[in-house]
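Here's the structure, in structure tokens; my notes come after.
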Amino acid sequence: MKFEIIGGKTLKGEVKISGAKNNALKILASSLLFKNPIIIKNVPYIEDVFRMNELLKLLGVQISNPKKNTFILDSRNVKNFILDDKIAKRLRASIVVVGPLVGRFKKAVFPYPGGCVIGKRPIDIFLNSWKKLGINILEKNDLFTLKADKLDGTEIIFRVASVTATETILMTALMARGKTIIWNPAIEPEVLALIDFLKQSGAKIFVEKSKIEILGRNGKLLEFKKPFEIIPDRIEAGSFLILGSLLAENLKILNCNPQHLMSLVGILEEAGVEIKRGKNFFELKKPKMLKSVNVKTAEYPGFPTDLQAPLTVLLTQADGHSTVFETIYEGRLNYIEDLNRMGAKIFMCDPHRIIVFGKTPLRGRQIESPDLRAGLAFVIAALISSGKSIIENIYQIDRGYEGIDLKLQKLGLNIKRIV
Ligand code: EPZ
């Protein structure tokens with residue numbers, strides 16, 4: 001499937017933000033920790049969620065979908081502890097399933113997880129932490145076999161504040177005996193939302209700025225008490241803020257949490273965009289001109305790496321030169337060659353740093369979506385370009401954004417899904 005986009009139109013109207021992919025995937029995986037079925041609402045209807053559900057089903061989790069965006073997961077009959085090789089290799093978040101799986105069964109088998117092509121994605125922090133919890137790890141041909149007689153709470157120091165490692169290890173530690181402390185954990189809103197869900201189901205987890213304490217339940221499963229609502233997708237909301245800054249006569253972004261996006265709001269305000277915000281909405285229009293800004297990606301509450309590519313597209317339209325420093329992944333600037341082919345003037349200093357010279361008009365082209373975030377950046381680039389663009393490999397975009405073409409059409413933009 002491809003997107004055909006005719007650029008150069010302005011947009012107007014309202015858009016509703018879906019549930020966050022990176023919260024939904026972990027909440028779905030946490031179903032393995034429950035002794036009764038769990039009900040999850042506001043789950044985005046996206047390819048990564050479908051892959052996660054397939055992976056869980058193959059382990060024996062029964063999943064129903066009584067209405068769009070609501071899923072019920074029942075892990076009472078799970079007997080299998082081997083992750084499906086093909087799906088796990090396609091989905092980086094598959095490793096999060098291993099956390100509750102090894103916690104519950106004291107064994108798990110999984111392949112090296114796949115995912116986006118955005119640079120090295122090591123798993124050393126996961127492996128070291130599991131070892132500290134008392135798990136033996138055997139690795140053969142990129143297949144990992146985890147086994148433990150018992151899991152004992154311990155103290156773990158993360159070398160870097162990894163999002164999925166925090167989520168995975170805290171779910172393993174929850175099934176251990178005694179207390180575990182994770183120092184230097186990730187505290188992204190999606191991590192905190194997972195902790196909220198576990199806590200409302202009986203888990204004792206304490207979050208401080210530099211550590212998370214988990215009281216192990218010695219194998220005792222959690223009890224589901226009330227439906228959980230996936231938090232709004234801050235990356236989708238942020239992408240619409242960027243798009244609105246480029247094309248909106250007037251745009252209202254609904255069902256979002258502005259507090260999760262303050263770093264981006266600060267950057268856009270410095271670029272000259274006026275943004276109104278309420279408890280769960282943003283409202284904005286494009287300014288007369290955009291000014292250059294220097295940005296650096298960072299862990300939350302810093303500017304998220306997942307918005308770096310869309311923001312770079314915006315910077316091509318800002319007067320003056322901007323610098324972008326991608327600190328999290330080294331493969332996450334690879335899309336700039338394609339932007340340059342569309343007319344941008346971006347200079348790569350090293351794999352982590354670029355200079356964007358603005359303002360440059362963009363021209364439509366045929367381009368391939370390399371990963372989901374750069375894919376959406378190309379959609380934004382195509383929408384501000386003159387002429388027609390074809391974006392290929394939109395499976396990548398459908399991995400993370402629910403009905404993005406329909407949302408853009410509703411705002412008056414010209415985007416079509418074609419075979
Ligand atoms: C999560 O990835 C997100 N994915 C990513 O979103 C997001 O870009 C990233 O966090 C940063 O916010 C999911 O939640 C499924 P990290 P994750 O471990 O957890 C290094 C998207 O587009 N590291 O926090 O994999 C790592 O290489 C995706 O939705 C190790 O060195 O990211 C990186 O430099 C892409 N060893 C840094 O930590 C490890 O064992 C932070 O990455 C683990 C990570």
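Note: hydrogens, waters and symmetry copies are ignored here, and every other heavy atom, side chains too, is used. Whatever order the structure lists ligands and atoms in, that order sets their numbers, starting from 1.
Remark: ligand 1 and Val163 share an N or O pair separated by less than 3.5 Å (distance only, no angle test). Where the criterion is an N or O separation shorter than 3.5 Å, residue side chain and backbone included, Ile125 meets it with respect to ligand 1. Taking only nitrogen or oxygen atoms, main chain and side chain alike, Lys26 reaches within less than 3.5 Å of ligand 1. The distance criterion of under 3.5 Å between nitrogen or oxygen atoms is not met by Glu188 with respect to ligand 1.
Heavy atoms of Arg159 approach ligand 1 to within less than 4.0 angstrom. Under the 4.0 angstrom criterion for non-hydrogen atoms, Arg332 is in contact with ligand 1. Judged by the shortest distance from any of its heavy atoms, Leu25 lies outside the 4.0 Å radius around the atoms of ligand 1.
Annotation: cation-pi pair Arg353/Phe325 present, NZ/CZ under 6.0 Å from the ring centroid and within 45° of its normal.
Looking at Val160, Thr164, Leu91 and measuring to atom 17 (P) of ligand 1, the nearest heavy atom belongs to Thr164. Across Asn22, Val96, Asp48, heavy-atom proximity to atom 13 (C) of ligand 1 is greatest for Asn22. Closest to atom 18 (O) of ligand 1 by heavy atom, among Pro122, Pro304, Ala20, Ser162, is Ser162. Between atom 41 (C) of ligand 1 and the options Asn23, Ile328, Leu307, Leu372, the minimum heavy-atom separation is to Ile328.
Using bins of under 30°, 30° to 60° and over 60° for the plane-to-plane angle, the ring pair Phe197/Phe228 lands in the tilted bin. The aromatic rings of Phe357 and His321 are tilted relative to each other, their planes meeting at an angle between 30° and 60°. Ring geometry for Phe110 against Phe144 counts as parallel: the plane angle stays under 30°, on a 0 to 90° scale with 60° as the upper cut.
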request  = Could you walk me through whether Met262 and Arg277 pass side-chain contact (heavy atoms from CB on, under 4.5 Å), step by step?
outcome  = CA-CA 11 Å; Met262 286 309 176; Arg277 58 174 198 269; 3.2 Å; yes

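Within the 4.0 Å heavy-atom criterion, the part of Arg92 lying near ligand 1 is the side chain and not the backbone. Here Thr305 has side-chain heavy atoms under 4.0 Å from ligand 1, and that is the only part of it that gets that close. The part of Tyr329 lying near ligand 1 is the side chain, judged by heavy-atom distances below 4.0 Å. For Lys21, every heavy-atom contact with ligand 1 shorter than 4.0 Å involves the side chain, none the backbone.
Ionic pairing of Lys131 and Asp124 is not present here: no N-O contact between side-chain nitrogen and carboxylate oxygen is shorter than 4.0 angstrom.
Here the closest non-hydrogen pair linking Ile27 and Ile38 is O-CD1, 4.1 Å.
A distance of 9.0 Å separates CG of Leu406 from CD1 of Ile415, quoted to the nearest 0.5 Å.
For ligand 1, the atoms sitting less than 4.0 Å from at least one non-hydrogen atom of Arg373 are 21 (C), 22 (O), 29 (O), numbered in the order shown with element in parentheses.
Considering only heavy atoms from C-beta on, Leu413 comes within 4.5 Å of Leu247 through its side chain.
Of the candidates His260, Arg234, Lys21, Glu190 forms a side chain to side chain donor-acceptor pair (under 3.5 Å) with just one, namely Arg234.
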